[in-house]
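The block underneath contains the structure these notes are about, expressed in structure tokens.
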Amino acid sequence: MSEVAMELIDVRKTIGKKEIIKGLSFTIEKGEVFGFIGPNGAGKTTTIRMMVGLMKLTDGDVLIQGNSIKSNYKEAVREVGAIVENPEMYPFMTGAQNLAHYARMIPGITKERINEVVAIVGLEKAMKEKVGRYSLGMRQRLGIAQALLHNPSILILDEPTNGLDPAGIREIRRYIRKLAEEKNVSVIISSHLLSEIELMCDRIGIIQNGELVAIQQVHDNVETDNLMQVEMEVSPRDKAIELLKDHHKIDATEMGSKLLFQLEKENIPTLIKTFVKHDISVYQVGITKASLEDKFFDLIGENTIE
Ligand SMILES: Nc1ncnc2c1ncn2[C@@H]1O[C@H](COP(=O)(O)OP(=O)(O)O)[C@@H](O)[C@H]1O
Ligand SMILES: [Mg+2]
């Protein structure tokens with residue numbers, strides 16, 4: 001059975017009169033990489049700030065290894081390493097000097113621990129180089145090393161792929177996976193771009209307008225995940241759109257002469273029968289398995305934002 005590393009229980013945040021986070025509840029398991037995805041302004045940073053104790057919760061609680069961020073603050077934050085804003089690094093100091101500088105602020109950090117975190121993020125060769133000469137990807141990895149110094153069980157990264165090129169993203173991905181798989185660290189990684197982090201995550205939670213709208217395994221089994229992307233050529237189209245809405249609660253998109261929508265495989269024959277019964281001619285049906293990307297756009301795409 002999987003062990004819980006972090007639990008959000010009906011977390012809420014109101015600033016002024018605006019409810020920004022509207023009751024988030026989910027759990028993060030030990031050693032999993034959890035992608036926290038949502039468009040800009042969805043509430044990712046606000047949620048993360050509450051998770052790491054940088055901001056008070058209006059309501060609800062966050063349990064970190066069973067410790068409440070409200071009543072056991074010290075024990076709770078002890079388990080968390082995070083990069084929320086861009087990590088502060090001194091460009092005129094080397095990587096090793098930067099890490100030593102931070103290590104001095106945390107009691108009990110040994111030289112061995114510093115070497116260990118440097119190895120985790122693969123920066124051994126860059127330690128003697130000035131950080132001002134690092135690529136953005138290297139700087140992010142040094143930030144991760146710094147966040148790992150005190151040996152947290154959960155690492156939280158807010159939009160770490162922002163501004164990185166594909167090579168930089170690949171590097172981060174490799175070290176994040178290694179951290180989860182070899183060190184059993186849980187990693188929460190936020191992004192507004194699903195494509196950038198999908199490959200490094202075990203699960204994805206999608207947040208929109210302060211609410212969780214979906215949680216899903218990334219490598220879902222084809223047998224259990226049967227949501228299909230359906231393309232249909234039908235006539236008359238408006239009548240078909242109306243039927244889809246009324247009978248299946250589906251919002252179809254028109255693309256050329258076709259309708260696009262998502263439906264579970266087992267419901268496709270019923271839908272065709274319904275169409276025929278209502279005198280809608282079906283000329284073509286095409287189905288492909290919906291990717292997570294499709295689901296993401298379906299959930300938070302332009303059409304559905306209120
Ligand atoms: N200090 C604040 N005061 C008022 N509104 C805020 C504050 N911080 C964030 N917000 C609002 O909360 C919403 C969520 O913001 P944020 O958590 O930064 O989203 P994300 O990180 O997903 O882009 C936005 O609408 C933002 O304008
Ligand atoms: Mg943000």
Side-chain angles (χ1 to χ4, degrees), residues 6-28 33-62 64 69-70 73 76-77 80-89 136-137 139-141 143-144 146-147 152 154-165 168-169 172-173 176 186-198 200-201 203-216 218 292-293 295-306:
M6 183 184 242
E7 188 174 3
L8 274 75
I9 307 164
D10 198 29
V11 170
R12 290 169 193 273
K13 183 71 188 181
T14 304
I15 299 180
K17 283 198 175 121
K18 193 174 167 209
E19 197 179 25
I20 291 173
I21 304 300
K22 302 165 184 167
L24 286 186
S25 300
F26 56 92
T27 55
I28 307 293
V33 181
F34 183 85
F36 196 39
I37 302 280
N40 287 325
K44 302 180 296 294
T45 301
T46 307
T47 305
I48 288 174
R49 289 178 72 86
M50 291 192 280
M51 282 174 170
V52 303
L54 286 171
M55 190 188 249
K56 271 209 164 121
L57 284 72
T58 305
D59 209 350
D61 205 350
V62 176
I64 304 168
I69 195 101
K70 286 163 125 180
Y73 180 84
V77 295
V80 177
I83 308 182
V84 182
E85 269 88 39
N86 276 337
E88 286 246 351
M89 296 290 173
L136 193 54
R139 245 176 269 190
Q140 286 288 18
R141 276 150 59 200
I144 293 172
Q146 180 196 313
I154 302 170
L155 177 69
I156 304 181
L157 308 171
D158 193 15
E159 307 245 10
T161 53
N162 256 1
L164 288 185
D165 58 9
I169 294 172
I172 297 263
R173 182 196 309 154
I176 297 290
S186 311
V187 184
I188 301 171
I189 179 166
S190 82
S191 179
H192 62 286
L193 292 172
L194 175 67
S195 56
E196 290 197 343
I197 66 161
E198 186 178 358
M200 59 184 115
C201 297
R203 275 194 312 154
I204 300 270
I206 297 173
I207 179 176
Q208 182 192 10
N209 293 326
E211 287 176 291
L212 204 66
V213 291
I215 279 210
Q216 110 142 56
V218 174
L292 189 58
E293 194 95 28
K295 291 182 198 174
F296 176 69
F297 284 120
D298 199 46
L299 285 162
I300 67 166
E302 284 168 0
N303 307 340
T304 53
I305 287 181
E306 269 129 44

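FYI, side chains are in, hydrogens and waters are out, and symmetry mates aren't considered; it's all heavy atoms of this structure. Order of appearance sets the numbers: ligands from 1, and atoms from 1 within every ligand.
Residue-ligand proximity, N40 to ligand 1, at heavy-atom distances under 4.0 Å covers atoms 23 (O). For ligand 1, the atoms lying closer than 4.0 Å to a non-hydrogen atom of T45 are 17 (O), 18 (O), 20 (P), 21 (O).
Under the 3.5 Å distance criterion, the side-chain polar atoms of K13 are matched with a main-chain donor or acceptor of K56. No donor-acceptor distance shorter than 3.5 angstrom exists from the side chain of T27 to the backbone of E7, with no hydrogens or angles considered. Listed for the K22 side chain is a donor-acceptor partner under 3.5 Å among the backbone atoms of N209. In this structure, the side chain of K44 engages the main chain of G38 through a donor-acceptor pair within 3.5 Å.
One distance of note links OG of S195 with CD1 of I169; it measures 7.5 Å at 0.5 Å rounding. To the nearest 0.5 Å, the span separating CG on D59 from CD1 on I9 amounts to 11.0 Å. Atom CG of L57 and atom CD1 of I21 lie 10.0 Å apart (nearest 0.5 Å).
Closest protein heavy atom to atom 1 (N) of ligand 1: I15 CD1, 3.8 Å. In terms of protein heavy atoms, atom 6 (C) of ligand 1 is closest to I20 CD1, 3.6 Å. The protein heavy-atom contact nearest to atom 14 (C) of ligand 1 is G41 O, 3.3 Å.
Considering every non-hydrogen atom in both I204 and E198, the closest pair reads CD1-CA, 4.4 Å.
Using cut-offs of 30° and 60° for the angle between ring planes, the F26 and F34 rings count as parallel.
Assignment of G43 to the shell around ligand 1 is supported, since a heavy atom sits closer than 4.0 Å.
With waters left out, the protein N, O or S atoms under 2.8 Å from the Mg ion (ligand 2) add up to 1.
Side-chain atoms of L24 and M50, non-hydrogen and from C-beta on, never get closer than 4.5 Å to each other.
By the criterion of a heavy-atom distance under 4.0 Å, the side chain of K18, and not its backbone, is placed next to ligand 1. At a heavy-atom cutoff of 4.0 Å, ligand 1 is contacted by both the backbone and the side chain of T46.
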